Amino acid sequence: MLEKTYNPAEVEETLYSDWEQSGSFAADTGSSKAPYTIMMPPPNVTGILHIGHALTFTLQDVLIRYSRMRGKDALWQPGTDHAGIATQMVVERQLAEAGIHRRDLGREKFVKKVWDWKEESGGSIIRQLRRLGASPDWEKERFTLDDSLSNAVTKVFVQLHKEGLMYRDKRLVNWDPKLHTAISDLEVEQRETTGKMWFFKYPVDGMDGVTITVGTTRPETMLGDTAVAVHPDDERYTELVGKTCILPLVGRSITIIADDYADPEKGSGAVKITPAHDFNDFEVGKRHNLERINVLDENAALNENAPEKYRGMDRFDARKAIVADMEEAGLLEKIEENAMVIPYGDRSGVVVEPWLTDQWYVDAHTLAQPAIKAVETGQMKFVPKQWENTYFEWMRNIQPWCVSRQLWWGHRIPAWYGPDGHIFVEETEAEAVVAAKVHYGKDTEIVQDPDVLDTWFSSGLWPFSTLGWPDKTPELDRYYPGDVLVTAFDIIFFWVARMMMMGLHFMGEVPFREVYIHALVRDDKGQKMSKSKGNVMDPLELCDKYGTDSVRFTLSAMAAQGRDIKLSEQRIAGYRNFITKIWNAARFCEMNECVPSAKFDPASVTSTLNRWIVSKAAEAGNAVAASIESYRFNEGADALYHFTWHTFCDWFLEFAKPVFHGDEEAAKAETRATAAWALDQILIFAHPIMPFVTEELWRRIDENRGSSLINGEWPEYAGLSAPDAQAEMDWVVELISAVRSVRAEMNVPPKSKLDLSVKGTNETDQARLESHRALVSANARLESIVCVDDEHDVSGAIQTVVGSMTLLLPLAGVIDLDQERARLQKENDKHDAEIAKIEKKLNNAGFVAKAPASVVDENKARVAAAQDAKSKVLEALSRLASI
RNA sequence: GGGCGAUUAGCUCAGCGGGAGAGCGCUCGCUUCACACGCGAGAGGUCACUGGUUCAAUCCCAGUAUCGCCCA
């Protein structure tokens, strides 16, 4: 006997390990089934499961479990990402607590420490994933720093280099002065702030007392100025172009140049040019062949190129000092408030500095071309489609991708330098040594590049590196390309774009056919959840409180396309109740000896009631399947919820009660078998979303099944449609609802049973009444049901209209005539409104002429029905008047 | 500045060219032999605003307002 409520805590762990140990999650390379592949976006090894993970992994698991039940050989490839900066920061922080800096340890020891940390505390997110019920093929779990994946990274780097798509260049990078590494454009967060603009006067050479005023937001970088620019058309400055001015505090003579970059509207119209410290100025510098003077060190403090006084000062201290010194020199014209955007490192949270360094770059522009084309031609599709725009926008304007990082944790760049700086890019040191010998004509000492690669470089290879590439493995052959990638929009650039470029370049094929972009779970202010903002919700706490299935169902039900999710705990509680409802439906079936049978054929049932529920179950199952296949998880969840609660529980089981309590053995047997079958269907099509409770019930309902639901088969619901049975049961539902409505409005005590007389019945009505007498009586709480003719005395009866029938309920003594009149009047008004609305349409010649015939007919039928009902109500009203 | 999205019941949100929906909340009545995490019956909405297209607009188009996000 099932308990009164489902207790998730008791079953989840057992079921999960049972699934895992029985190999239910494993893909099978030798299978004759068609493959279905999802690459799990590898979470950071430092990651803690947050609600966004819960959403994305739930949806992926729904797809995987569904596909598995659909007879596919499903591979959900799991793993974790080494997360260069994030992981290094975690370990550095730990060391810092012990007062140790990574430099004290040295590279080798430090990297060892990180590995130790990874083995001990890393990957907790993988354990948390199990709590979520996720069913990836754990045997195939990978880590981006695994030997085989690292090997792939090296190969890719070397090949790209050989093809000229990977190169070293001296350019401005986004330098993080706290982490001491370059970061890519994507890792920079642009924050709007109100800052200041300082107006400095630079004395013009040879023109006594004449100055040119430049507006700047970065006074400290003036020490590296190598020009002043004005717009060529700016007449205020025409005379000064070509002349030189003196850079105050430094004394260097710099040229006044004309360049379109200077905006006459902004500031004074003249702008100082610091090619070594500003991306725009760098471009201007290139056009005018200006010297690049770097005045900052790796900490963003002033370096030896600055005048002695400022050397070693932090950039912001230097700013104050310089402004003060300029003011003292009488060269500070004014200070204005200025709305501006300041770049911050997304990991460190400090202001990022454009800094001139040598870095490795990927020619993303070239790689992007096939990746753009693949989406244009539909080889890869975004769902929802609108995200194509985001993808195209970025891909078409893609910048060289800086992939080197000045970190120790990550894939070491396979490049070695000779004494003269000559670069050797090879897969191994041995090969580099050989190359150097060839190049120099003798054994020559070479030194490996100390840098590592951007984490996203290896992530970009994930769809094929995890399958064994560059080896030609059976897995690679079978599971690439994947079917769908499921992710949030925020990593379209970081990851999706990179996988597309790498996949197309190295595999010659897109890495996946579709990308489903789901919502972002935001906090109550609509803010993106992130660790740094500290506004994360803990899905595991919710799982503890409500059960994992409740959380999964809630997330699925809210995963509508195109809008972000604001999650409320109340809603989870509501869906927990749904699970209890399923549980109790099963309990009811158990109490009434509804046992599933393998021999049961749903197409063979005979009673209207059973044909009806079979038909409805098939509809629901098909609706859930179609929803999942089109990534409309919310619609699938709705279909499931509605069928289970409002069709199966509210009506079918209630209708089955009189059968179960009756003495027609054949009907009883069929209805029991049908109920058991329908319940099984609910478990089947609920399983992808709610794996635990469904599996538990599947086993508890029939301990001799010998199979797990996870390995169950999703039936083809064909040939089960029964429109006649549906029409008939709809009629019954309407009848019962009408009686209940009157009872409630008239405050009839629930216990008292009424005698129902029905007027205006046709043969169909009479036959239906006859065959459903028991269940109508039970559900409407009736003592008797009789059909009467038009002459029947209705005095003292409440009347209500259902279709062409008028229901008469004897409520003499309880009827408040005024109340009853008001009730009927209200009903009448409703019909009037309906009739007016439709007639207006039908009276429109254009409508009748141009609308499809079916729509016109439908409206005609509706207005006829409403008129019929109205006349019945009017009749009732007139009878009332005559009492 | 450019782009995208949102505006529907008290709240959170579905729907999207021909009958306005869900969950929660609210009201009334029920210890009805599966379930009070329940059952039954209800209340509640000029579908942001203004134009346009159409026989027909909550839905399509244009504009306005407000809010949010992304990119520069």
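From a predicted model like this one, the values you see are computed outputs, not experimental measurements. Letters A, B, ... are given to chains in the order of the sequence lines, protein chains preceding strands, and every chain is numbered from 1.
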Expressed in angstrom and rounded to an integer, what is the separation of [X] atom [atom1] from [N] atom [atom2]?
X        : N     : atom1 : atom2 : value
A/Arg743 : B/C30 : CZ    : C1'   : 11 Å
A/His661 : B/C33 : NE2   : P     : 10 Å
A/Asn7   : B/C37 : CG    : P     : 16 Å
A/Ile701 : B/A34 : CD1   : P     : 16 Å
A/Phe489 : B/C69 : CZ    : C1'   : 6 Å
A/Glu393 : B/G1  : CD    : P     : 17 Å
A/Phe382 : B/C4  : CZ    : P     : 16 Å
A/Phe493 : B/G3  : CZ    : C1'   : 10 Å

Using the [atom1] atom in both, what is the distance from [N] to [M], to the nearest Å?
N     : M     : atom1 : value
B/G15 : B/C35 : C1'   : 31 Å
B/A20 : B/U66 : P     : 32 Å
B/G51 : B/U58 : P     : 14 Å
B/U7  : B/C11 : C1'   : 15 Å
B/G3  : B/C13 : C1'   : 25 Å
B/U27 : B/A43 : C1'   : 7 Å
B/G10 : B/U54 : P     : 35 Å
B/C61 : B/C67 : C1'   : 23 Å

Candidate nucleotides [options], ranked by approach to the side chain of [X] - the nearest:
X        : options             : answer
A/Leu653 : B/A34, B/G18, B/C70 : B/A34
A/Gln386 : B/C55, B/G40, B/C4  : B/C4
A/Asn859 : B/C4, B/A41, B/G18  : B/G18
A/Glu745 : B/G42, B/G5, B/G18  : B/G42

By side-chain contact (heavy atoms from CB on, under 4.5 Å), A/Asp278 pairs with (sequence neighbours left out) A/Tyr261, A/Asn280, A/Asp281
Reading nucleotides 20-29 of chain B 5' to 3', which nucleotides get B (base under 4.0 Å from a protein heavy atom), which S (sugar-phosphate only), which -? S--BSS----
Report yes if the distance between the aromatic ring centroids of [X] and [Y] is under 6.0 Å, otherwise no.
X        : Y        : value
A/Phe633 : A/Tyr516 : yes
A/Phe493 : A/Tyr391 : no
A/Phe382 : A/Trp387 : no

Partner residues of A/Glu336 under the salt bridge (Lys or Arg N to Asp or Glu O under 4.0 Å) criterion, sequence neighbours left out: A/Lys334
Can you give me the dot-bracket string for RNA chain B, 5' to 3', counting Watson-Crick and G-U wobble pairs with both distances under 3.5 Å, using [ ] for crossing pairs and | for partners on another strand? (((((((..((((....[..)))).(((((.......))))).....(((((..]....)))))))))))).
Please determine if a side-chain N or O atom of A/Ser741 lies less than 4.0 Å away from the OP1 or OP2 oxygen of B/G42. yes
Look at the side-chain N and O atoms of A/Lys840 and state whether any lies under 4.0 Å from the OP1 or OP2 oxygen of B/A56. no
Looking at A/Arg862 and B/G19, is any side-chain donor or acceptor paired with a base atom of the opposite kind under 3.5 Å? yes
Is it the case that the base of B/A34 and the side chain of A/Glu654 share a donor-acceptor contact (distance under 3.5 Å, atom types as modelled)? yes
Run the side-chain contact (heavy atoms from CB on, under 4.5 Å) check on A/Leu485 and A/Trp495 step by step: do they pass? CA-CA 11 Å; A/Leu485 182 86; A/Trp495 197 44; 3.6 Å; yes
List for me each residue that meets side chain to side chain donor-acceptor pair (under 3.5 Å) alongside A/Asp868, sequence neighbours excluded, and say none if there are none. A/Lys872
Presence of salt bridge, [Y] and [X], under 4.0 angstrom:
X        : Y        : answer
A/Lys545 : A/Glu569 : yes
A/Glu839 : A/Lys860 : no
A/Glu745 : A/Arg740 : no
A/Arg396 : A/Glu376 : yes
A/Glu654 : A/Lys657 : yes

Just call it for [X]: base, sugar-phosphate, or nothing, with non-hydrogen atoms closer than 4.0 Å on any strand.
X        : result
A/Asp650 : sugar-phosphate
A/Lys4   : sugar-phosphate
A/Pro852 : base

Let me spell it out: for each of A/Gly846 and A/Trp394, pick the nucleotide of RNA chain B with the closest heavy atom. Which residue's pick is nearer the 5' end? A/Gly846
Taking for each residue the nucleotide of RNA chain B bearing the nearest heavy atom, is the 5' side occupied by A/Cys649 or by A/Asn389? A/Asn389
When you check the side-chain N and O atoms of A/Thr56 and A/His518, is any donor under 3.5 Å from an acceptor? yes
Taking the six-membered ring of A/Trp401 as reference, does the cationic atom of A/Arg498 (NZ for Lys, CZ for Arg) lie under 6.0 Å from its centre and within 45° of its axis? yes
What residues in residues 578-587 of chain A put a non-hydrogen atom under 4.0 Å from any atom of RNA chain B? A/Thr580, A/Lys581, A/Asn584, A/Ala585, A/Arg587
